[in-house]
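To start, the structure itself, in structure tokens.
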Amino acid sequence: QLQFVESGGGLVQPGGSMRLTCVASGFTADTYAIAWFRQAPGKEREGVSCIAGIDESTDYVDSVKGRFSISRDNARNTVYLQMNNLKREDTAVYYCAADIAGGFGFCSGYVVNEFGYWGQGTQVTVSS
């Protein structure tokens, strides 16, 4: 089955840090732009960060700039999301996915139906 497998979630206190891992299973992800999304209860899935496959350039939505950092290790077919200074509003299920809509390896937005190979996600809960 072609999909990503996310891990690394859990419970963390506000102000804490966590690193999420996303491993591609059944395919090689190095040419794709890969994005992290999140979905909180009762809310739509939203993009958080993206890393290009062409040049590893990165993009972040305003709410996580300066706190989150995305990186990739193509030798391990893996993308990471380092999250620092976590806030309660970061609580969500986090997913990674590949841009399969012809972005040519560049980050070009977070339209959910332009992404594929979705995994099951990993729950991040920020609470004291």
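Please read all numbers here as calculations on a predicted model, not as lab measurements.
- Residues in residues 89-98 take part in these salt bridge (charged side-chain N to carboxylate O under 4.0 Å, His left out) pairs, two or more places apart or across chains: Arg38-Asp90, Arg67-Asp90.
- Interatomic distance, CE of Met83 versus CD1 of Ile70, reported as 11.5 Å (0.5 Å rounding).
- With no hydrogens or angles considered, a side-chain donor-acceptor pair links Asn74 and Arg72 at under 3.5 Å.
- Aromatic rings of Phe37 and Trp118 (six-membered ring for Trp) have centroids within the 6.0 Å cut-off, being under it.
- Taking every heavy atom of both residues into account, Gln120 and Glu6 meet most closely at N-OE1, 3.3 Å.
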Next on the checklist: Does Phe27 form a ring-ring contact (aromatic ring centres under 6.0 Å, His included) with Tyr117? I'd like the steps, not just the answer.
Outcome noted: CA-CA 9 Å; Phe27 69 103; Tyr117 304 130; 4.2 Å; yes
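- With a 4.5 Å cut-off on side-chain heavy atoms, Phe4 and Ile34 count as touching.
- At a cut-off of 3.5 Å, with distance as the only test, no side-chain donor of Thr78 or Asp73 sits close to an acceptor on the other residue.
- Ala33 and Cys107 get closest at one heavy-atom pair: CB-N, 4.1 Å.
- Defined by atom type and a distance below 3.5 Å, a donor-acceptor pair is present between the side-chain atoms of Asp55 and Ser57.
- A donor-acceptor pair is defined here as one N or O able to donate and one able to accept, closer than 3.5 Å; no such pair exists between the side chain of Asp99 and the backbone of Ala35.
- Using a 4.5 Å cut-off on side-chain heavy atoms (C-beta onward), Leu86 and Met18 make contact.
- Taking all atoms of both residues into account, the shortest heavy-atom contact from Ser128 to Arg88 is OG-NH2, 2.9 Å.
- By the ring-ring contact (aromatic ring centres under 6.0 Å, His included) test, Tyr95 is found to be paired with no residue, residues two or more places apart in sequence or in another chain being considered.
- Remark: the backbone N or O of Tyr80 is not paired with any side-chain donor or acceptor of Thr21 at under 3.5 angstrom.
- In this structure, CG on Leu81 lies 6.0 Å from CH2 on Trp36, to the nearest 0.5 angstrom.
- The side-chain heavy atoms of Thr28 and Asn77, taken from C-beta on, include a pair separated by under 4.5 Å.
- Cys96 places none of its side-chain heavy atoms less than 4.5 Å from the side chain of Val79.
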